[in-house]
Amino acid sequence: MALKAAVLVFPGSNCDRDCKTAVETTVNGKVDMVWHEESTLPSGLDLIVIPGGFSYGDYLRCGAMASLSPVMQAVKAEAERGVSVLGICNGFQILCEAGMLPGALLRNAALKYVCKPIELKIENRNTRFTNAYGNAQTVWMTQGNGDGNFFAEPDVLKDIEDNNQVVFRYVENPNGSVNDIAGIINKQGNVLGMMPHPDRAFEDALGSADGAPLFQSLVNALQTA
Amino acid sequence: MSTAAPAPAKTMAEKALEYGLKADEYQVILDRLGREPNDVELGVYSVMWSEHCSYKSSRLHLRKFPVTGPRVICGPGENAGVIDIDDDQACIFKMESHNHPSFIEPYQGAATGVGGIMRDVFTMGARPVALLNALRFGEPGHPKTRRLVEGVVSGIGGYGNCVGVPTVAGETNFHAGYNGNILVNAMCVGLADADKIFYSAAPEPGLPVVYFGSKTGRDGIHGATMASVEFSEDSEEKRPTVQVGDPFAEKLLIEATLELMASGAVAAIQDMGAAGLTSSSVEMAGKGGLGITLDLDKVPQRETNMTAYEMMLSESQERMLAILKPGREEDGYRIFKKWGLDAAVIGETNTSGHIVLKHKGEVVCDLPLAPLSDDAPLYDRPWVEPAQEPELTEADVPVTHDLNDALLKIISCPDEASKRWLWEQYDRHVMADTLADSSTGHDAGMVRVHGTKKALAVTSDCTPRYVQANPYEGGKQAVAEAWRNLTAVGAEPIAITDNLNFGSPEKPETMGQIVRAIDGMAEACRELSFPVVSGNVSLYNETNGVSIPPTPTVGAVGLIKDYDQRVGFNKVQPGQVIILIGETKGEMGSSLYLREVFGIEAGAPPKVDLACEKNNGTLVRRLIKSGVAKGVHDLSDGGLLSAAVDVVLASKVGLQLKNPTELADHVFGFAEDQARYLIAVDEASAHLVIAQAAEADVHAAVIGVAGGTDLSYTGLSLGIEALRKAHEDWLPNYMAGKA
């Protein structure tokens with residue numbers, strides 16, 4: 001069974017095609033593109049991807065407007081039913097703004113947009129997004145953002161750490177994220193938000209194929225479910 | 001109550017001068033119209049006849065460029081150039097300057113430069129897939145430089161990152177010659193289907209003219225005119241003529257435009273760039289040999305009480321003008337609504353041959369279109385042979401006794417130091433097709449043609465100090481270096497776009513630089529079968545009478561048919577043999593060695609032997625294609641040792657080099673002879689390469705081997721970390737106020 005995925009498209013999404021290509025290339029998944037004004041999602045989804053970009057321009061707080069869009073209400077409902085949700089970059093910001101993940105993403109510590117390949121430590125390999133990473137301790141992906149500085153209040157942060165919700169941690173922190181956090185999962189284990197881009201690191205020609213196992217993990221999870 | 005008498009109204013002749021027209025140009029308008037133009041008409045004439053829009057000083061000389069070739073689909077004259085990249089696919093590209101606005105307001109100036117060049121490309125039906133920029137700033141110690149760097153870089157990033165097009169390559173220089181006029185040249189490369197290219201000429205009368213995109217405001221009025229005059233002390237007062245960019249609006253505009261084109265509704269289309277609504281409507285109707293009537297009351301307006309003059313001269317960003325096929329307005333409205341864009345049918349094409357503008361029930365402009373272009377001034381400006389730096393003798397070149405120190409000075413100088421601080425602010429990976437960018441250790445940026453094994457290689461090149469020292473040789477060199485950079489990654493060089501930045505053409509010395517640089521570029525383009533398909537001319541880059549160094553920037557595109565056959569200088573392995581392709585005669589004139597080690601800016605620049613360039617490049621491409629060349633890097637600024645440092649840092653491997661020639665070690669190490677490449681090959685194939693080179697009549701010599709943890713050469717030994725620190729530290733320290 002091919003992975004059935006939907007990629008959300010906001011007017012300012014600019015990684016929507018990248019996410020589609022990544023899912024198709026890595027696991028031969030079937031991908032529907034879903035416009036932001038839709039209030040329902042295709043049925044029988046295994047994965048919803050919220051791609052990177054600048055959803056509605058993000059001249060206000062990144063992802064704040066998108067979190068209130070019609071399609072996000074449908075995403076929340078699907079997530080509650082256990083469907084996997086992957087938010088990358090702007091998608092991570094939207095998930096935090098929507099309250100689907102704890103914490104917030106602030107302006108980078110250096111107050112600049114930073115684009116560079118980045119080494120990530122896999123902190124939790126027992127998730128449906130990371131089971132295919134085997135024994136790999138660290139992986140490389142690229143990232144590019146101006147607001148990737150993850151922050152949570154101390155009690156929230158303790159909760160995140162205690163529950164093993166940190167999935168990826170920066171080896172060298174590029175943006176001031178608290179506890180070097182690059183990606184977190186919700187308590188139920190079906191919603192992952194991350195700043196680095198697996199959708200730009202899914203084959204060797206792109207400099208790294210380390211994003212590919214993330215998509216393979218989802219297929220593995222389906223098969224063992 | 002003031003009792004002062006009102007100032008006497010200006011005559012139209014006085015206004016003409018104020019709008020940038022010369023007295024004799026105004027006389028041509030009077031003769032043609034047989035009457036005085038009104039204010040709106042004068043505005044239309046002044047922008048259409050500005051240097052920026054009419055190329056009146058350069059047109060005569062631009063004709064020297066070769067503009068055709070087996071892969072050229074559309075040469076200069078449209079919004080951008082179009083080349084054939086096989087499989088019914090086309091690549092559309094152009095470079096354009098935004099120099100004057102960027103000096104006055106660096107963030108918005110640079111941002112709207114990026115926006116403008118993207119519109120030129122998607123207006124023709126292409127999805128933008130790569131951005132480049134060529135930046136020239138004043139000397140680092142100048143009080144304005146740091147702020148300009150900061151603003152320009154964040155403007156470029158802020159716009160391109162949001163729209164979602166990767167910025168994959170570029171170049172940056174610092175020189176006192178740009179203290180009063182920085183240069184911001186932006187290039188955009190797009191992809192389209194070869195049978196779905198869109199042009200601007202209105203095809204027939206009776207078609208609706210649709211405006212869509214952002215609303216029209218009062219920003220940028222007379223921007224094209226500002227770009228056509230010199231700066232003086234009070235230029236910063238021109239800040240209100242700088243446009244303000246909205247990259248989110250641009251993103252919507254791209255998607256809506258491409259969707260509108262795919263729907264089959266578009267008959268002709270043109271973006272509103274310099275001179276906004278004026279140039280777009282005049283060009284569409286004029287090129288089609290038709291007439292056009294616009295009702296300005298229908299133009300979506302951001303501000304109240306805008307006059308016809310303001311609307312026609314506004315350079316508000318992110319706006320398009322399309323002529324739709326009959327009865328297709330509904331397709332348009334559906335798409336514009338989806339993307340949340342303002343849109344209105346504001347006029348119609350007709351057979352009148354006139355542009356007629358109506359506003360508040362009155363005709364406010366009625367001009368015959370043909371004379372607007374036919375009578376456009378064309379100047380054969382007087383020029384003199386520009387001053388040339390003399391050939392240096394051996395005695396003119398001081399000898400250094402510390403090669404370590406010389407090399408460290410060169411690789412840490414502002415021109416050569418790593419520009420990581422800049423390009424880390426640019427999204428280089430969005431679209432997930434980037435194979436090579438500023439960070440990866442390649443001579444050109446590379447992006448895949450989405451969904452294929454093909455890739456485009458892109459580069460931007462000019463060495464202003466060479467052009468200053470000898471405009472003709474420097475012009476040749478700019479083209480040759482671009483060709484070499486594409487060759488060095490394994491691409492077939494196809495065509496160029498040029499961005500000619502000079503001072504005032506009204507000075508015979510500067511005009512001489514323009515003429516001779518174009519002569520040199522044209523010769524190189526001919527000899528290398530590297531036609532010019534688009535371009536932009538930026539003149540009057542001077543402040544208080546001091547001109548910038550002549551800077552004809554070349555943006556170039558090449559094709560790689562199978563991207564698995566690409567190469568860089570980032571994967572050189574220990575044990576591989578290093579071969580120098582091309583002859584080193586010891587060209588030290590205008591070299592970085594002289595400038596950075598001894599403070600001497602003198603001497604004839606390296607000569608470019610185009611036959612040799614072609615011959616050497618052809619061999620290098622063959623070695624890449626056959627898989628023999630495992631690493632390739634061209635030699636340019638700073639010569640052999642500077643290139644060697646690039647290899648060491650990108651491949652994280654030492655190089656043990658020697659001087660196999662009779663030349664002095666500092667000369668062989670730092671000479672900037674052209675048509676040269678460093679290649680790394682497996683030990684077993686080294687003799688084969690030397691034999692192949694001899695057969696092809698190409699100079700080639702084994703000069704060393706990769707391995708160890710340092711760069712060593714006669715009298716020189718530097719560890720990788722020392723080199724990295726020297727190369728990386730300057731720019732971040734400078735931007736932090738520490739250098």
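Letters A, B, ... are given to chains in the order of the sequence lines, protein chains preceding strands, and every chain is numbered from 1. Every heavy atom of this structure was used, including side-chain atoms; hydrogens, water molecules and symmetry mates were not.
A donor-acceptor distance shorter than 3.5 angstrom exists from the side chain of N14(A) to the backbone of N161(B), with no hydrogens or angles considered. A distance-only check finds no donor-acceptor pair linking the side chain of R200(A) to the backbone of M431(B) [under 3.5 Å].
Proximity to chain A is absent for every atom of S439(B), based on heavy atoms less than 4.5 angstrom apart. Residue V163(B) touches chain A through its backbone alone, counting heavy-atom pairs closer than 4.5 Å. Residue contact with chain A, scored on non-hydrogen atoms closer than 4.5 Å, involves the side chain of R566(B) exclusively. Of the atoms belonging to T25(A), not a single heavy atom falls under 4.5 Å from chain B. Within the 4.5 angstrom heavy-atom criterion, only side-chain atoms of E150(B), from C-beta onward, approach chain A. For chain B, the nearby part of K112(A) is the side chain; its heavy atoms alone come within less than 4.5 Å. Both the backbone and the side chain of E424(B) come within contact range of chain A, with heavy atoms under 4.5 Å apart. Both the backbone and the side chain of D246(B) come within less than 4.5 Å of a heavy atom of chain A.
Looking only at heavy-atom pairs under 4.5 Å with chain B, the residue among G207(A), G144(A), G57(A) that has the most is G57(A). Per-residue heavy-atom pair counts under 4.5 Å with chain B were compared for V114(A), T142(A), N145(A), and the maximum is reached by T142(A). Interface remark: of the candidates G164(B), A249(B), P247(B), C162(B), C162(B) forms the most heavy-atom pairs closer than 4.5 Å to chain A.
By the neighbour-count criterion of 12 heavy atoms within 6.0 Å, atom NZ of K337(B) is sparsely surrounded, having that number or fewer from other residues, nucleotides or ligands. Under a cut-off of 6.0 angstrom, the local environment of NZ in K4(A) is crowded, with over 12 non-hydrogen atoms contributed by other residues, nucleotides or ligands. Other residues, nucleotides and ligands contribute only 12 or fewer heavy atoms inside 6.0 Å of the CZ atom of R61(A).
Separating the OG atom in S208(A) from the NE2 atom in H429(B) is a distance of 10.5 Å, to the nearest 0.5 Å. In this structure, SG on C115(A) lies 7.0 Å from CG on D437(B), to the nearest 0.5 angstrom. Here CZ of F248(B) is found 8.0 Å from OH of Y59(A). Values are rounded to the nearest 0.5 Å.
Between R17(A) and D433(B) there is a side-chain heavy-atom pair separated by less than 4.5 Å. W35(A) is listed as a side-chain neighbour of K338(B), based on a closest heavy-atom distance under 4.5 Å.
Here the closest non-hydrogen pair linking A205(A) and L435(B) is O-CD2, 3.4 Å.
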